[in-house]
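Convention: sequence-line order gives letters A, B, ...; per-chain numbering from 1. Predicted model, so just to flag it, every value in this text is computed and none were measured.
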Amino acid sequence: MSLIDLTSMAEPDEEEQEKIEETLEGLKEDIPDLCYQCGKCTSGCEAFILLELEPHSIMGKSKAGFIDELVNSDEIWTCMQCFKCQERCPQDLSPVRVIFALKNLAVAAGKEIPSGYQKMLQSVLGNGLIQQPKEVLNRANETRKREDLDLPPVPEPEDMDKVQQILMKATQEKLR
Amino acid sequence: MSEKKKIGFYWTGSCGGCQVSILDIDEMLLDVAEQAEIVFWPCAMDPKYEDVKAMDENEIDIMFINGAIRLDENKEMVELLREKTKEVVSYGSCACNGGVFGLGNLSSKDELLEKGYTNKTTDQGPFPQKITEVEEGELELAEMLDHIKPLDEHIDVEYYLPGCPPLPTQLEDALPALLDDEIEVEERDLITDKSVCDPCPMEREEKEIERLIPIQEATDIDPDECLLDQGILCMGPATAGMCEAPCTEVGHPCVGCNGPVKGVEDQGSRMASALASVMGIEGEENKTEEEVMETMNSVRDPTGSFYMFSLPSSIMQFRRDDIDE
Amino acid sequence: MKELGLYLGCVIPTEQYGYEMSIREVLPKFDIELVDLEESTCCGAPLRNVNMFTTMYLSARNMALCEKKGIDLYAPCPICHLGLTEAKESLEENPELKDKINSKLEEEDLQYEGSTELYHTLDLLHDEIGLDEIEDQVEEPLDDLTFAAHYGCNTIRPNDLDRPDDSENPQKLEELMETIGIGTEDYPEKLDCCGGQVISDHNESALTKAGEKIEAVQDQGFDGLSTICPWGHRMLDSKQDSAADTIGESLDLPVMYYIQLLGVAMGIEQSRLGLELNLSPVDNLEAIESIEEAE
Amino acid sequence: MSGIGVFICHCGSNIAGTVDVDELTEYASDLNGVTFATNYKYMCSDPGQELIKDSVEEQDLDSVVVAACSPRMHEETFQAVVEDAGLNPYRFQMANIREQCSWVHSDDMEKATEKAKHLVEMSVEKSRLSEDLEKTEVDVNSDALVIGGGIAGIQSALDLADQGKKVYLVEREPSIGGKMAQLDKTFPTLDCSSCILTPKMTDVARNPNIELLTYSEVEEVDGSVGDFEVKVKKKATYVDWDKCTACGDCAEACRRSGNVEDEFNEGLDNRGAIYTPFPQAVPAAYTIDSEVCISLEYDGTCTSCREVCELDAIDLDDEDEIVELNVGSIIVATGYDLMDPEKIYEYGYGKSKDIITNLELERIIDASGPTDGEIHRLSDGEDVESVTFILCVGSRDEELQSYCCRIGCMGALKHVHLLRDHLDEDVDINICYTDIRSFGKGYEEFYRRTRDLDVNFVRGRPSEVNVQEEKVELNVFDTTMDKLLQVESDLVVLVPALLPSEGTEELSRQLRITRSSDGFLQEAHPKLRPMDTFTNGIFIAGCCQGPKDIPDSVSQASGAAAKASTILSKDKLQSEATIASIDDDICSGCKMCISVCPYDAIEYNEEDEVAEITDVLCMGCGSCASLCPTGAIEHKGFKDEMLEAMIDAGLTEEEG
């Protein structure tokens with residue numbers, strides 16, 4: 001490619017771009033190349049006003065190959081995953097899936113990812129769920145546990161160690 | 001009354017169906033026997049090679065030869081019979097077009113032997129040897145030829161009567177005409193101009209076949225509608241229709257056993273080009289390459305489907321990389 | 001009696017106990033036997049952000065557990081439901097990926113075929129059980145209430161992944177509410193997001209989203225808000241106070257799971273529906289007993 | 001003894017500079033069947049042509065081969081020469097030794113000469129098997145049928161009538177005029193639409209060569225070019241149009257007056273059961289809508305209209321009538337419909353009266369429209385302070401219509417001008433666009449002028465439109481400023497995609513013409529035959545072929561009329577001689593050929609169970625002949641034997 005971003009002197013990275021396309025193809029989704037930048041996604045983006053997520057510009061940058069900038073950005077971690085952008089896209093494209101693919105790339109490249117996601121991942125690896133059963137409060141500010149409410153124990157794999165091992169290996173895999 | 005004609009029947013590499021088809025003319029055999037003297041019929045009599053050799057040139061009037069020329073012995077025998085015969089009838093699809101055996105041309109001789117003897121799943125029998133020593137002396141086996149060619153590529157042939165096997169009605173029509181000198185019969189007069197579609201009773205529409213469905217996977221076949229219209233590969237349109245379409249009438253697609261209609265050289269390519277023209281024709285101008293490939297790929301085993309009975313007489317004849325001449 | 005594998009996911013069995021209680025209480029009354037999936041784990045959907053393969057693997061694993069029992073799967077959480085649906089469709093289209101995942105499942109003696117049907121609360125109640133059946137079981141219709149509907153993003157989007165209701169004009173929840181006597185109507189913010197998916201890293205933004213939606217519903221004069229998504233309920237009910245603080249408004253909108261409302265209308269003992277755990281002021285509603293009364 | 005004559009052209013040095021023409025001539029003279037061979041500098045020149053003619057006579061030739069340029073260039077020239085010399089024109093063959101030989105092999109004279117020999121030999125071989133072929137002739141009916149009475153149909157009909165042709169103009173509504181009649185003004189000149197359309201409509205009414213069949217629909221089409229037989233259903237109008245003077249007394253008396261949605265005004269106001277679509281309607285007469293008339297629909301006894309009609313024009317016993325027409329050519333001009341914007345649910349059409357389509361706005365702005373040109377909020381009649389347009393509603397959309405509507409951008413720009421004329425200058429006008437496409441003559445200039453009218457051009461698409469208590473609200477991200485804008489409007493104008501008009505699919509089946517994947521009627525060639533269809537004698541004009549603005553529709557309509565005229569002006573049509581023919585004795589009736597014929601020239605004869613070719617329709621493309629699995633179809637002039645002989649000749653190695 002012959003583009004250079006003069007603000008950062010970055011050049012498009014076709015290899016990284018192909019990785020996104022590979023992932024999307026694994027999901028049978030269209031690659032961002034067909035986006036004509038109408039901005040309908042950003043007009044309705046749930047995360048734009050509060051967190052300044054611009055799906056159309058993510059599509060644009062992915063299309064042009066400025067992947068590194070995206071992978072290192074905080075922007076991709078602000079998506080609320082409401083799928084409105086995909087639903088409304090007149091070109092049948094899916095910005096939200098491009099964003100997922102970018103986040104996967106960031107993780108694979110060992111970038112620092114937000115602590116919330118980090119915690120969630122560790123918890124799933126540790127005991128299979130994103131969080132442990134909590135003691136909750138009722139309206140009278142009394143604590144309640146599952147047992148108190150006659151609920152059966154939370155499901156858990158019998159051999160959690162084994163599941164853990166499989167999961168550890170799975171996180172190194174790619175869709176294609 | 002003129003002298004009785006001398007006729008004969010001979011089979012080479014064959015399933016035997018053609019010989020059974022001769023018996024199938026039932027009582028008519030008696031009429032034949034009245035008009036003609038059967039001088040040679042290994043299936044019913046026991047003539048020896050030496051007996052034929054001893055015959056005069058053109059001693060036999062009409063010789064019906066069926067089967068594929070698979071072995072050198074077949075070749076030798078038909079060449080000898082040719083010498084002794086005035087008019088040879090290429091009888092049945094194997095003799096006319098190579099028949100089912102002709103699909104062997106897709107493999108080399110070595111591959112065929114290996115598959116048949118070395119790598120077979122049942123008992124590992126002995127690999128056929130040209131010479132085998134037994135107590136009584138040496139046994140000599142016939143040698144397999146490299147390819148199957150139709151009979152008329154080995155010897156001259158006067159008439160063609162294809163079918164797998166030809167139906168008794170075909171023979172019943174052909175025999176009197178051949179035996180009567182007054183009736184003039186041209187080389188391919190025993191093959192129809194019209195295809196199986198002509199006698200086929202199924203309702204036909206303009207062809208807009210989206211993709212082909214293998215017959216074994218087809219559900220809800222309409223018994224009155226053209227099978228090809230329903231996406232089932234039927235060779236009827238490119239196959240000579242002497243048979244009166246007994247297969248399609250009961251819902252089985254034509255497999256093309258009669259070979260091409262009179263005047264057409266290559267049955268398979270005719271069918272392939274006809275099918276290619278009509279398949280996926282609806283909205284074809286907007287189809288992507290993948291969609292076109294998907295349509296094409298729905299044709300399973302194209303060679304086996306289009307050339308089940310006529311590969312050796314087609315312009316392909318055999319696998320290209322295997323041409324040893 | 002229809003048997004369904006009850007797949008609760010993460011949020012419901014670890015904190016949204018009210019949803020679980022009312023499900024366990026209400027559905028058997030409709031001849032549905034809920035079978036617990038003891039070995040189940042997270043559906044994988046939250047890990048889409050981290051590694052898509054792991055997501056697919058976890059989804060397939062949970063469905064395989066259900067397949068083993070030979071029954072269909074009921075996922076009351078729309079996020080799980082979407083994740084499972086996505087995995088199901090992807091694996092159907094991509095046999096290579098299916099093989100790859102099955103080779104991992106083999107280590108646990110599991111096998112994923114793709115034979116399980118998936119249900120969410122919305123289509124289970126609306127389409128499987130049906131409005132007539134529900135109407136038959138209503139003892140005290142909640143006639144005096146007008147509620148707004150909150151579907152949750154993943155219940156309706158993306159519509160190419162076979163969602164329980166239409167992506168742009170969902171009406172099943174409204175129809176379900178009307179069946180038990182509750183009045184309802186569309187409101188402009190109906191399809192808006194609750195912010196739940198970014199709560200872990202963008203706490204304030206997430207709470208703002210939730211707060212704005214609650215405020216909009218409240219301002220339009222609805223008596224309450226009905227949910228069918230544990231993430232949405234957590235934001236709109238459990239965290240309503242924090243949301244109010246974040247946007248600096250006073251919020252007091254009763255928020256209830258639809259299935260809790262249904263339970264109330266069916267005359268089920270309210271303490272069995274986990275109503276004490278709704279932190280929004282549900283006892284402002286006449287039909288709901290206060291905690292003291294319940295005791 | 002008669003034989004083949006070979007004439008080799010030098011084409012100046014074009015051929016002779018690369019090919020050794022003397023050697024070639026010598027070679028040709030020795031070929032099988034050739035009795036005479038010569039060469040000349042310019043075979044197409046007069047002396048060259050004379051040379052051929054003289055030689056045919058002197059040398060007693062029965063066929064001629066000219067080795068020269070491409071047949072595209074001079075085949076017809078030489079066919080005429082041969083015909084002049086008394087031979088059948090199909091006893092002429094042409095070998096292209098210029099484009100296919102000297103031009104592409106100019107660097108190797110020896111090999112070029114070698115190839116020229118092959119090419120000549122191939123033509124000689126084909127010539128040996130050539131036969132006399134005759135063109136068949138059919139009589140041409142000089143009348144024409146135009147289907148659709150919008151601006152395109154009107155233009156086609158007028159053009160043909162002006163050439164003295166009798167034209168039947170069929171329109172399904174009670175009046176001609178089409179969509180253009182609904183427009184207030186036209187871009188980019190801002191002409192009043194009815195001012196330029198009405199004169200044309202009255203021209204149609206007055207023209208003695210035009211027979212107007214409004215409130216009528218085509219039922220059945222048979223026959224082929226030169227002789228179509230068409231059945232048209234004239235729907236009952238229940239009013240004797242010969243008597244009706246359109247005084248309007250009946251409409252006032254109608255008991256359903258003001259109760260029926262007025263289509264012409266896009267449902268924004270109401271009419272009665274007896275109505276005329278708009279004041280300038282042509283023909284100027286009333287029609288009773290039988291679906292809403294109390295007497296006709298409910299079998300009531302209402303006679304209000306009959307009682308007031310002084311001319312006694314009302315006839316409640318009127319019945320549909322089938323009119324049978326014979327025409328030589330047909331022009332289809334059935335126009336477009338707007339896509340129902342409810343298909344994009346998020347844009348809220350139907351949720352508020354203040355969300356309208358551009359055509360509804362057109363009626364509102366029109367001084368004779370439902371609001372007499374007054375623009376107010378439709379929900380409550382309040383003043384309008386802000387108007388927002390959303391372009392590409394359903395256009396350029398992979399889920400709906402993937403194509404551009406071609407009139408949306410310009411239409412919205414026009415509306416800006418009109419709104420500025422009608423509304424206070426402080427009214428906000430916003431246009432949410434994806435790309436402004438102003439490609440026509442004078443369009444970009446118009447766009448520039450519009451930009452100067454204090455308009456907010458927002459480059460972006462809203463995701464959804466929300467109906468708030470008073471206003472209609474939308475958020476739109478402007479991609480040029482990187483800002484999300486909140487827009488409150490009193491009117492939101494949606495500019496929906498264009499669809500082929502309702503009934504296009506059925507009509508295409510009746511006419512046996514094809515549609516492209518977008519549903520519009522398909523032209524025979526997108527560039528070179530834009531008004532032809534694949535069916536000879538049927539032409540298309542206007543939006544039925546694809547979205548178009550008025551100038552393009554009118555141009556295409558005149559073009560289609562000219563095309564139709566080339567057929568209608570002939571007494572007889574000659575079919576190609578080199579067409580396909582089917583041998584009944586071989587055809588087995590498999591029907592495969594029927595599906596591949598792009599000209600619908602093959603039909604199945606149920607009685608004889610064989611396929612038959614209509615000679616005048618066959619264009620000689622060869623698709624059927626190459627497909628026929630039994631070889632029953634022969635392509636005259638290109639028989640299998642000929643092609644085989646040519647291939648053999650082309651593949652022969654030179655001896656030695």
**Request:** In plain terms, say whether D:Glu506 and D:Arg509 are close enough for a salt bridge, that is, a side-chain N and a carboxylate O under 4.0 Å apart.
**Result:** no

**Request:** State, without any angle test, whether B:Tyr160 and B:Asp189 hold a side-chain donor-acceptor pair at a distance under 3.5 Å.
**Result:** no

**Item:** Pick from B:Ala238, B:Ser277, B:Pro199, B:Ala272 with the largest number of heavy-atom pairs that fall under 4.5 Å of chain D
**Value:** B:Ser277

**Asked** Using non-hydrogen atoms only, which part of D:Cys587 is less than 4.5 Å away from chain B: side chain, backbone, both, or neither?
**Response** backbone

**Complete:** When the 4.5 angstrom heavy-atom criterion is applied to B:Leu228 and chain D, the contacting part is side chain

**Request:** Using a strict cut-off of less than 4.0 Å between a Lys/Arg side-chain nitrogen and an Asp/Glu carboxylate oxygen, indicate whether D:Glu505 and D:Arg515 qualify as a salt bridge.
**Result:** yes

**Prompt:** Does a side-chain N-to-carboxylate-O contact under 4.0 Å join D:Glu603 and D:Arg512?
**Reply:** yes

**Item:** B:Phe318 six-ring centre to B:Lys149 NZ/CZ under 6.0 Å and within 45° of normal
**Value:** no

**chain B contact via D:Asp584 - which portion, at a heavy-atom distance below 4.5 Å** = backbone

**Asked** In terms of heavy-atom proximity below 4.5 Å to chain D, should B:Glu205 be classed as side chain, backbone, both, or neither?
**Response** backbone

**Message:** Between B:Lys207 and B:Asp229, does any NZ, NE, NH1 or NH2 come within less than 4.0 Å of an OD or OE carboxylate oxygen?
**Reply:** yes

**Complete:** Honestly, the part of D:Asp583 sitting under 4.5 Å from a heavy atom of chain B is neither

**Prompt:** Taking every heavy-atom pair that is under 4.5 Å apart, which of B:Cys226, B:Ser195, B:Gly263, B:Ser273 has the most such pairs with chain D?
**Reply:** B:Ser195

**Message:** I'd like to verify something: which residue of D:Ile594, D:Thr630, D:Asp640 has the highest number of heavy-atom pairs under 4.5 Å with chain B?
**Reply:** D:Thr630

**Message:** Can you tell me which portion of D:Thr514 sits under 4.5 Å from chain B's heavy atoms? Options are side chain, backbone, both or neither.
**Reply:** neither

**Request:** For the pair B:Glu294 and B:Arg211, find out whether any cationic side-chain nitrogen is under 4.0 Å from an anionic carboxylate oxygen.
**Result:** yes

